[in-house]
Amino acid sequence: MAQVTALSILKLAGKISIITGGASGIGEATARLFATNGAFIVLADIQDELGQKVAESIGSQHCTYIHCDISNENDVISVINFTVKTYGRLNIMFSNAGIISTSNQTVLDLDLAQFDKLFAINARGTVACVKHAARAMVEHNIRGVIICTTSVGASKGASTRTDYAMSKHPVLGLVRSASKQLGVYGIRVNCVSPSFVVTPLLNRYEETKKRKKRVEDVAQAVVFLASDASSFITGHDLVVDGGLTKLPDADD
Ligand code: NAD
């Protein structure tokens, strides 16, 4: 019994991880929970001051911050090279960074410039993170774990923010394809699909106040997918929505 307790407390002991979008919201909460579970985290974000503050508050024995704009493939390569060179390996990639539409749009009034921006970060940026994390794991013979953040809007569709829901949909295709291709290397690939969680990303929306959920709920799901507790799970989209999408008026 004592052994079970110790294992459950240190689920990620000794694991080297990268969390993109780690300066805020779901990424920050996950970084804190990873540290509590014994992992080392390379926190990657574009908000340098905030990211450094978060890393300092987690503590240098568990966390370091590095600038990385995931829409720039060279930044992604740099953060992965830095991690492998400094810590010897990459065990876990949590590709979580993302942005939301700045306005609600149906398909009738889609802003294609905003569409391109969302795809550059949410879709293409996530692909770059998964691609280069997987290459580092394969190259160093690491049976690693890759987790992406998508959204319930990706699988359910959205009645507004069409571009956002669309930009998260490729992540599902990526996770399903990569899990098929990387299983042979012992690498698992899954995603989490949160619904509304109160973070700076969504604070501006009134509805989030009504449907308040905690970032920790998503972080716990990510720890589960990152740990050996989920060692038989790959290619899965773990919906973390407290049942919201099961309601009759369900949206993203
Ligand atoms: P957040 O705004 O608190 O955090 C997102 C982080 O990503 C920020 O720190 C931001 O600086 C960073 N980021 C943005 N663009 C980046 C880039 N190009 N390169 C690197 N970092 C970048 O928001 P959050 O709610 O924690 O969002 C995390 C993820 O969860 C996102 O992918 C988001 O789409 C997804 N999501 C959030 C919700 C929600 O309700 N909050 C719901 C579904 C999905």
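Heavy-atom basis, side chains included; hydrogens, waters and symmetry copies ignored. Start at 1 and go down the list; that is how both ligands and their atoms are numbered.
- Dense packing is recorded around CZ of Arg89, with more than 12 heavy atoms of other residues, nucleotides or ligands lying under 6.0 Å away.
- Near Lys168, meaning under 4.0 Å from one of its heavy atoms, ligand 1 places the atoms 31 (C), 32 (O), 33 (C), 34 (O).
- Listed by atom number, the atoms of ligand 1 under 4.0 Å from Gly25 heavy atoms are 3 (O), 26 (O).
- If you number the atoms of ligand 1 from 1 as listed, the ones under 4.0 Å from a heavy atom of Ile99 come out as 14 (C), 15 (N).
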**Request:** Kindly indicate, with the supporting measurements, whether the criterion side-chain contact (heavy atoms from CB on, under 4.5 Å) is fulfilled by Ile80 and Ile18.
**Result:** CA-CA 8 Å; Ile80 289 166; Ile18 296 174; 3.8 Å; yes
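- Interface of Pro194 with ligand 1, defined as ligand atoms under 4.0 Å from a residue heavy atom, comprises 42 (C), 43 (C), 44 (C).
- Within a 6.0 Å sphere centred on OH of Tyr185, other residues, nucleotides and ligands contribute 12 heavy atoms or fewer.
- For ligand 1, the atoms closer than 4.0 angstrom to any heavy atom of Gln47 are 8 (C), 9 (O), 10 (C), 11 (O).
- Across the listed options Gly27, Ala97, Ser193, Ala97 owns the non-hydrogen atom lying nearest to atom 21 (N) of ligand 1.
- Taking each of Ile70, Val54, Val192, Ile19 in turn, the one with a heavy atom nearest to atom 19 (N) of ligand 1 proves to be Ile70.
- Under a 4.0 Å criterion applied to the non-hydrogen atoms of Asp69, ligand 1 contributes the atoms 17 (C), 18 (N), 19 (N).
- Each of Ser230, Ser231, Ser179 was scored for a side-chain hydrogen bond (donor to acceptor under 3.5 Å, both in side chains) with Arg188, with one residue passing: Ser230.
- Every atom of ligand 1 with a heavy atom of Ser151 under 4.0 Å away is listed here by number and element: 43 (C), 44 (C).
- Contact between Ile100 and ligand 1 is absent, with no heavy atom of the residue lying under 4.0 Å from the ligand.
- Of all non-hydrogen atoms in Cys191 and Thr150, the two that sit nearest each other are SG-CG2, 3.7 Å.
- Residue Gly125 places every heavy atom at 4.0 Å or more from ligand 1.
- In this model, a donor atom of one side chain and an acceptor atom of the other lie less than 3.5 Å apart for Tyr65 and Asp48.
- Considering every non-hydrogen atom in both Cys68 and Ile46, the closest pair reads O-CG2, 3.7 Å.
- Residue contact annotation: Glu28 has no non-hydrogen atom under 4.0 Å from ligand 1.
- For Glu49, the CD atom is loosely surrounded, since the number of other residues' heavy atoms within 6.0 Å does not exceed 12.
- With a 4.0 Å heavy-atom cut-off, ligand 1 is reached by the backbone of Ser195 but not by any atom from C-beta on.
- Nearest to atom 11 (O) of ligand 1 by heavy-atom distance, out of Asp45, Leu43, Ile26, is Asp45.
- Counting all heavy atoms, side chain and backbone alike, Ala165 lies closest to Ala158 at CB-CB, 3.9 Å.
- In summary, of the residues considered (Thr20, Thr30, Thr149), a side-chain hydrogen bond (donor to acceptor under 3.5 Å, both in side chains) with Asn96 occurs for Thr149 alone.
- Ranked by closest heavy atom to atom 44 (C) of ligand 1, the top entry among Val79, Thr150, Thr126, Thr149 is Thr150.
- For ligand 1, the atoms lying closer than 4.0 Å to a non-hydrogen atom of Tyr164 are 33 (C), 34 (O), 35 (C), 36 (N), 43 (C), 44 (C).
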